[in-house]
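Each remark here refers to the structure printed beneath this line.
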Amino acid sequence: MRNYFKDGKASLTIQMSQQGVKLTRECGWWPRRSEVLADHAWRDAALENSIESVANLIATRLPQILLETECKKMPLTVVFSDACFRMWMVTPPQNVSSFSDCQAAASLRFLSLYGETTNDWEIAADWDAALPFLACALPRSLLQAVREVAQEFQLTLLDVLPQFTWQWNRWRKQIAAGAWFAVLNQKELTLAIIAQNRILTLRSINVAAASHENKTWLCQYLKRESLRLNLSQPTQLQVCGAVPDAWLVSTDGSVLCSRLDSVDLIRTKVELVETQNQVSKEVYRVIPATSETSLRRKQG
């Protein structure tokens, strides 16, 4: 008799950035097993940091990698580096009466921040009619490039999302009370400032190489952001990604920094207990688009 809990259907995750691409296949139900099929750094790493260069990489090089790894007919999740997305917080209008009101608020905020309309961008969000919510925009050219490759290899496209959201959805239940959350991808640090168990706002900053060996820089940065928003400094920072060892060293008076996606933590069986102090809200996915029925409305 076949053991479905052991053999579950395989799925594919593709992580894309201007620096390279990583393909991971996961299979089995329990325990879920991961296998890295390919991890390529682009030879011409000096590629222009632009949407056009990433779309070109998807169209010209990704098919060859999929062919070499024999990846066909699987569910697919595509994770782009945060640099390919635009993420911002939206405050809903006071008198929200429809889903389109929240969409309009997100579009207006996008125009205010970036000086352009959303015509060339695919918008998704953690739509909320009562509280500020996180929104995200992906260039339609990138989304179209992904769809074409998925169709060519008969891959079922489930999700297209930024590195930050991908990590948040995976680790949100293990964020400690009083902690902030961050994702370090290449040189870009995306910081989620958390208050009252919600993402209050996001900050993105390019981290200089010298800062990787200096925990004082990290503590000063967190202190500046807490003062800027008139918030208490976090008790700890929980990070996903290639976290520098220097940041993990505990010193007197410094913010405790720890990795959420460490090998030891992944291999340890963790029993999650839902409490009011846990941050457990899942952020949107770009594919499929969020429907109007998911909008949480004010009561009364």
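Taking CD of Glu122 as the reference point, atom SG of Cys136 lies at 10.0 Å (rounded to 0.5 Å). Atom SG of Cys240 and atom CG of Leu260 lie 4.5 Å apart (nearest 0.5 Å). Taking OG1 of Thr24 as the reference point, atom CG of Leu12 lies at 8.0 Å (rounded to 0.5 Å). With rounding to the nearest 0.5 angstrom, the CG atom of Leu231 is 11.0 Å from the CD atom of Gln233. Once rounded to the nearest 0.5 Å, the distance linking SG of Cys71 with CD of Gln154 reads 13.0 Å. Atom OG1 of Thr190 and atom CZ of Phe85 lie 11.5 Å apart (nearest 0.5 Å).
The residues Glu225 and Arg203 are annotated as salt-bridged, a charged nitrogen and a carboxylate oxygen being separated by less than 4.0 angstrom.
Ala38 and Ile65 get closest at one heavy-atom pair: CB-CG2, 3.9 Å. Contact record, Ala106 with Trp88: O-NE1, 3.4 Å, taken as the closest heavy-atom pair. In this structure, Phe153 and Pro63 approach most closely via the heavy-atom pair CZ-O, 3.3 Å. Pairing each heavy atom of Ser258 with each of Leu248, the nearest pair is CA-CD2, 4.0 Å. Shortest non-hydrogen contact noted between Ile58 and Met16 is CG1-CE, 3.6 Å. Residues Cys257 and Val239 share a closest heavy-atom pair of SG-CG2, 3.8 Å.
Using a 30° and 60° split on the angle between ring planes, Trp127 and Phe99 fall in the perpendicular class, above 60°. Taking the six-membered ring where tryptophan is involved, the planes of Phe164 and Trp168 are essentially parallel, since the angle between them stays under 30° and well short of 60°.
For the pair Lys73/Thr156, no side-chain contact is recorded, criterion being any heavy-atom separation below 4.5 Å from C-beta on. A 4.5 Å side-chain heavy-atom check between Cys102 and Val96 finds at least one atom pair inside the cut-off. Looking at Glu26 and Ser11, their side chains come closer than 4.5 Å, going by heavy atoms from C-beta outward. Taking 4.5 Å as the limit, every side-chain heavy atom of Asp159 sits out of range of all side-chain heavy atoms of Val78. With contacts defined as side-chain heavy-atom distances shorter than 4.5 Å, the pair Pro75/Leu155 does not qualify. A 4.5 Å side-chain heavy-atom check between Leu189 and Ser204 finds every atom pair outside the cut-off. Under the 4.5 Å side-chain criterion, counting only non-hydrogen atoms from C-beta, Leu184 is in contact with Pro244. At least one side-chain heavy atom of Leu229 sits less than 4.5 Å from a side-chain heavy atom of Thr201.
Heavy atoms of other residues, nucleotides or ligands lying less than 6.0 angstrom from CZ of Arg109 number 12 at most. Atom CD of Glu116 is surrounded by more than 12 heavy atoms from other residues, nucleotides or ligands within 6.0 Å. In the displayed structure, Glu35 atom CD is contacted under 6.0 Å by more than 12 heavy atoms of other residues, nucleotides or ligands.
Between the side chain of Ser17 and the backbone N or O of Gly20 there is at least one donor-acceptor pair closer than 3.5 Å. In terms of modelled atom types and a separation under 3.5 Å, the side chain of Thr118 and the main chain of Ser107 share no donor-acceptor contact. Under a 3.5 Å cut-off, the side chain of Ser112 and the backbone N or O of Leu108 do not form any donor-acceptor pair. Using a distance-only test at 3.5 Å, with no hydrogens or angles considered, no donor-acceptor pair links the side chain of Arg25 to the main chain of Thr13. Under the 3.5 Å distance criterion, the side-chain polar atoms of Asp39 are left unmatched by any main-chain donor or acceptor of Lys22. Side chain of Asn169 to backbone of Trp166: no donor-acceptor contact under 3.5 angstrom is found. Proximity of a side-chain donor or acceptor of Arg172 to a complementary backbone N or O of Gln167 within less than 3.5 Å is not detected. Judged by distance alone, with hydrogens and angles left aside, the side-chain atoms of Thr165 form no donor-acceptor pair with the main-chain N or O of Leu161 at under 3.5 Å. Checking side-chain atoms of Glu188 against main-chain N and O of Ala83 turns up a donor-acceptor pair under 3.5 Å.
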Apply the test side-chain contact (heavy atoms from CB on, under 4.5 Å) to residues Asp82 and Met87: give CA-CA distance (whole Å), side-chain angles for both, the deciding distance (0.1 Å), then the verdict. CA-CA 8 Å; Asp82 292 344; Met87 292 180 280; 3.9 Å; yes
Applying side-chain contact (heavy atoms from CB on, under 4.5 Å) to Thr77 and Ile14, what does each step give before you reach the verdict? CA-CA 6 Å; Thr77 295; Ile14 299 176; over 6 Å; no
Should Arg61 and Asn56 be marked as a side-chain contact (heavy atoms from CB on, under 4.5 Å) after you check the CA-CA gap, both sets of side-chain angles, and the distance that decides it? CA-CA 8 Å; Arg61 304 197 193 180; Asn56 181 64; 5.8 Å; no
Worked check of side-chain contact (heavy atoms from CB on, under 4.5 Å) between Leu76 and Leu158: CA-CA 6 Å; Leu76 170 65; Leu158 300 179; over 6 Å; no
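The hydrophobic cluster containing Ile205 also contains Val183, counting ILVMFWY residues as joined when their side-chain heavy atoms lie under 4.5 angstrom apart, directly or transitively. Put simply, Leu67 and Val149 are part of the same group of oily side chains (I, L, V, M, F, W, Y) that touch within less than 4.5 Å, one to the next. No chain of hydrophobic side-chain contacts below 4.5 Å, direct or via other Ile, Leu, Val, Met, Phe, Trp or Tyr residues, connects Leu256 to Ile193. Leu200 and Leu134 fall within a single hydrophobic cluster, where Ile, Leu, Val, Met, Phe, Trp and Tyr side chains are chained together by heavy-atom contacts under 4.5 Å.
Taking the six-membered ring wherever Trp is involved, the centroid distance between the rings of Phe110 and Trp121 falls below 6.0 Å.
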